[in-house]
Enquirer: 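Quick one: structure below, then a few questions.
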Amino acid sequence: MVQEHMPRATDHPAEPMAGDPAEPAATRRTADATESSRASRGWWDRNADEYQEEHGGFLGDDRFVWGPEGLDEAEAGLLGPADALRGLAVLEVGAGAAQCSRWLAARGARPVALDISHRQLWHALRKESEAGVERSGGAAGSGAAEGSGGAGGTEGSGGTAGTEGSGTVALVQADATALPFRDGSFDLACSAYGAIPFVADPVRVMREVHRVLRPGARWVFSVTHPIRWAFPDEPGPEGLSVAASYFDRTPYVEQDETGRAVYVEHHRTLGDRVRDVVAGGFRLLDLVEPEWPAWNDQEWGGWSPLRGNLIPGTAIFVCERD
């Protein structure tokens, strides 16, 4: 779920109409794990419809896109050879509408798409229905730890993995910092901008992913490239000048008139991300910084051809479980 909510140089909210709720105020302040999780769940539930309408065309219904540059897993092969995916139990963390999981299912994998937002998973069901895919469970479930059945061993409606080649994707609503699966349940895990930028303790996510993976399994995730935090989130020339310290790790928070966070995003330096990976029990195999391709002329928040040809926008970490 690629997001473009970092600070903009020209953020001047319009005056609210009488009776309308005030626009959230952007600030930089601390936000703990509980506040961050609550804000993420609420924000994605409220904004899932708009997000899928605006970006669904680029993300597709069953593409695996690593970020706004448009790097496609079909070409990148960061998860390994496509023909080796058949039969693998795969966990997608922060899956949104599960486009990546459907790409995996089409290659014979048995994916489980996990997201904190019920509304995002509703869009996953909608896309399945529009594609004519039938499922026996029918709805996304809130997975229960130490459950039974299927890859991942979760309970709840929709909580077991689809059978190989069925085209269905198991949908589980849960927090990435407390994965509701048995130890060693999965052969592979992935995340395209999901969960990690929005949690206060990314090492906790790493350790949870490590726990549910089998030894030697690969864990591949993409996040906003840390250097982007030093620049205004603008696609034009105004987004090319350093405006903040790269080393300022204070979270970006949008809060309502009562001071309650409604959106939280956490910054880590590149070195921090590497240390998080190692602290989680993984080996870093590769760090990919996708270049902006000539064919991509779209702007996505602060991502654009102008900026993409000068500074990296996405960092993809290819890791292996010890």
Side-chain angles (χ1 to χ4, degrees), residues 1-5 20-21 23-24 31 33-65 68 91-105 111-131 133-135 137-144 152 154-162 168-180 190-199 205 222 252-256 260-266 300-301:
M1 298 185 300
V2 185
Q3 193 42 260
E4 65 273 16
H5 238 65
D20 288 346
E23 289 287 333
T34 300
E35 185 177 31
S36 298
S37 177
R38 182 174 58 240
S40 290
R41 184 188 300 268
W43 196 93
W44 285 107
D45 280 345
R46 289 190 304 274
N47 291 277
D49 294 357
E50 180 181 354
Y51 179 86
Q52 293 298 333
E53 180 178 358
E54 182 176 359
H55 301 300
F58 181 78
L59 296 174
D61 291 335
D62 55 0
R63 288 183 66 199
F64 196 128
V65 182
L91 174 63
E92 183 185 4
V93 178
Q99 289 97 332
C100 298
S101 284
R102 277 190 295 281
W103 182 89
L104 289 161
V112 174
L114 178 142
D115 202 274
I116 197 171
S117 166
H118 185 273
R119 191 62 180 177
Q120 284 281 45
L121 295 175
W122 179 89
H123 281 284
L125 287 173
R126 174 183 61 80
K127 287 179 177 293
E128 279 190 3
S129 178
E130 291 173 353
V133 175
E134 297 183 2
R135 62 167 58 229
S142 179
T154 64
E155 294 178 332
S157 178
T160 55
T168 62
V169 173
L171 306 177
V172 176
Q173 183 184 8
D175 193 306
T177 62
L179 298 175
C190 57
S191 180
Y193 274 79
I196 296 169
F198 310 106
V199 299
V205 177
S222 62
Y252 169 77
V253 177
E254 293 181 4
Q255 57 189 23
D256 63 18
R260 182 179 64 92
V262 296
Y263 179 91
V264 179
E265 192 165 348
H266 293 266
W300 183 323

Enquirer: If we ignore hydrogens and angles and just use 3.5 Å, is the side chain of Glu92 paired with the main-chain N or O of Gly194 as donor and acceptor?
Expert: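 It does not hold such a pair.
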Enquirer: For Trp103 and Phe64, take the angle between the two ring planes, folded into 0 to 90°, and tell me which bin it lands in: parallel under 30, tilted 30 to 60, perpendicular over 60.
Expert: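 The rings of Trp103 and Phe64 stand perpendicular, inter-plane angle above 60°.
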Enquirer: Do Phe198 and Glu265 make a side-chain contact, defined as non-hydrogen atoms from C-beta onward lying under 4.5 Å apart?
Expert: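 Side chain of Phe198 against side chain of Glu265, heavy atoms only: contact under 4.5 Å found.
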Enquirer: Check each of Thr177, Asp175, Val93, Val199 against Ile116 using the side-chain contact (heavy atoms from CB on, under 4.5 Å) test, and report the only one that passes.
Expert: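 When side-chain contact (heavy atoms from CB on, under 4.5 Å) is applied between Ile116 and each of Thr177, Asp175, Val93, Val199, only Asp175 qualifies.
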Enquirer: Test your reading of the model: is there a side-chain donor-acceptor pair from Gln99 to the backbone of Leu59, 3.5 Å cut-off?
Expert: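 Checked: no pair found.
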Enquirer: Sorted by first residue and then second, give each salt bridge (charged side-chain N to carboxylate O under 4.0 Å, His left out) pair with at least one member in residues 36-51; sequence neighbours left out.
Expert: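 Counting only pairs at least two positions apart or across chains, the salt bridge (charged side-chain N to carboxylate O under 4.0 Å, His left out) contacts touching residues 36-51 are Asp49-Arg119.
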Enquirer: If every non-hydrogen atom of Ala39 is compared with every non-hydrogen atom of Tyr263, which pair is closest and at what distance?
Expert: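 Looking at all heavy atoms of both residues, the closest pair is CB-N, 3.8 Å.
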Enquirer: Sort and list the pairs that fulfil salt bridge (charged side-chain N to carboxylate O under 4.0 Å, His left out) and have at least one residue in residues 56-65, not counting sequence neighbours.
Expert: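 Non-adjacent pairs meeting salt bridge (charged side-chain N to carboxylate O under 4.0 Å, His left out): Asp61-Lys127, Arg63-Asp72.
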Enquirer: Can any side-chain N or O of Ser40 pair as donor or acceptor with the backbone N or O of Ser36 at less than 3.5 Å?
Expert: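 Present.
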Enquirer: In sequence, state the C-alpha distance, the side-chain angles, and the governing distance for Glu35 and Gln255, and then conclude on side-chain contact (heavy atoms from CB on, under 4.5 Å).
Expert: CA-CA 11 Å; Glu35 185 177 31; Gln255 57 189 23; over 6 Å; no
Enquirer: Evaluate the side-chain proximity of Ser191 to Val205: yes if any heavy-atom separation is below 4.5 Å, no if none is.
Expert: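 No - every pair of side-chain heavy atoms lies 4.5 Å or more apart.
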Enquirer: Report yes or no: do Gln120 and Gln173 form a side-chain donor-acceptor pair below 3.5 Å?
Expert: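 No pair is found: no donor N or O on one side chain lies under 3.5 Å from an acceptor on the other.
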Enquirer: In Å and rounded to the nearest 0.5 Å, what is the NE2 to OH distance from His123 to Tyr51?
Expert: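 Going from the NE2 atom of His123 to the OH atom of Tyr51 covers 11.5 Å.
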Enquirer: What heavy-atom pair brings Pro111 and Ser101 nearest, and what distance separates the two atoms?
Expert: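 Heavy atoms of Pro111 and Ser101 come nearest at CG-O, 3.3 Å.
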